[in-house]
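To keep things clear, I will list the structure first and then write my remarks on it.
Atoms within a ligand are numbered from 1 in the order they appear, just like the ligands themselves. Both backbone and side-chain heavy atoms feed into the values below; hydrogens, waters and symmetry mates do not.
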Amino acid sequence: MKLFLKGIFNDCFKHEDSNLLYNQLSAMKKKIKRIAVLTSGGDSPGMNAAIRAVVRTGIYYGLEVYGIMRGYQGLLEEDLFKMESRSVANIIQRGGTILKSARCKEFYTPEGRKKGYEVLKKNEIDGLVVIGGDGSFKGALNLSKEYDIPCIGLAGTIDKDIAGTDFTIGFDTAVNTAIDAIDKIRDTADAHDRLFIIEVMGRDAGYIALHSGIATGAENILIPERKTDAEAIITSLQEKERRKKLVNIIVVAEGDEYGGIELYRLIKERLPNLDTRLCTLGHIQRGGSPTGLDRLIASRMGYHAVECLLEGRYNVFVGILNNRMNYVPLEQVAKRKGRIAEEWMKVVETLSA
Ligand code: F6P
């Protein structure tokens with residue numbers, strides 16, 4: 001085991017004093033006997049696959065693994081139970097989260113976190129795996145700063161709004177759900193020569209809109225990362241009307257400055273001849289069986305989360321960048337924004353002519 005640890009260690013910390021860190025690593029490793037896992041914030045398809053990976057990897061390494069119900073809320077209420085390998089049987093394909101999820105205001109406060117820490121201590125939990133978005137990571141960061149509880153984050157959000165990872169658990173499924181819905185809407189739009197404005201989720205990020213819009217051949221995609229030129233949209237619709245191209249799909253991210261409703265109102269007012277409909281896809285994007293990609297990344301991330309705890313690589317979130325694991329300190333968790341390459345928009349404009 002020593003050689004094994006040393007091998008990993010040398011790979012990961014090439015530029016550091018390897019012996020010193022290796023000793024620290026070994027010392028820290030001894031502490032971890034019992035870990036807990038929770039899901040927090042908006043659920044996302046693939047969270048179950050991540051829970052399964054954490055539980056089974058933990059058990060593989062001889063750890064006890066506890067599941068905490070309803071995120072930080074359940075932690076404060078000491079709602080936790082010991083999980084076995086069979087507790088996570090037959091869940092890899094299921095959407096939602098068997099541990100349930102919540103957004104917990106009390107955990108934003110130092111008093112709330114103290115309560116959480118006391119529950120963890122009482123139950124002899126040595127490390128915590130938090131599956132959620134950047135808000136959930138902030139909770140983990142504060143807890144790890146204030147108390148001696150190593151925390152590992154797994155990026156579970158359909159929004160893909162976290163810097164440092166190419167994927168977040170649930171994004172691919174949400175995009176595919178949106179694609180499926182938009183394809184269906186195009187059928188009816190085509191039958192009636194209609195313009196459809198379709199609003200997709202993503203909070204203040206435009207990735208779901210961008211990916212689903214390109215994949216469905218949307219004529220326009222509106223995202224918060226780019227200034228929306230409403231006049232240009234009106235002009236292009238007028239021009240399309242002149243050449244009798246009446247079937248149009250505009251995909252709008254909910255975080256765009258216009259959003260679905262405002263754009264719909266504007267088009268109704270300025271282009272009353274167009275037969276325009278608005279459709280908000282909403283929470284359908286959060287449900288459903290995770291895609292193969294989401295199951296795969298959730299399994300990899302969950303496995304590596306436990307390895308991080310065992311190796312003493314604490315208070316990071318596990319991402320995947322260029323198909324390699326990327327461990328980002330929770331301290332550095334940042335919103336991924338404003339970085340949608342112009343090339344993507346060029347593709348949209350060129351292909352939707
Ligand atoms: O963060 C995931 C997400 O689905 C966002 O895309 C959306 O803005 C938000 O959560 C919706 O939150 P709620 O389920 O609380 O309405």
Short N-O contact, R194 and D275, less than 4.0 angstrom: yes
K114 atom NZ: more than 12 heavy-atom contacts under 6.0 Å: no
Exercise: do T173 and D294 side chains pair donor with acceptor under 3.5 Å: yes
Residue contacts for ligand 1, heavy atom to ligand atom, distance under 4.0 Å: R103, I158, D159, M201, G202, R203, E254, H283, R286
I261, CD1: over 12 other non-hydrogen atoms inside 6.0 angstrom: no
R295-S289 side chain donor-acceptor pair, cut-off 3.5 Å: yes
Carboxylate-amine/guanidinium proximity below 4.0 Å for D161 and R203: no
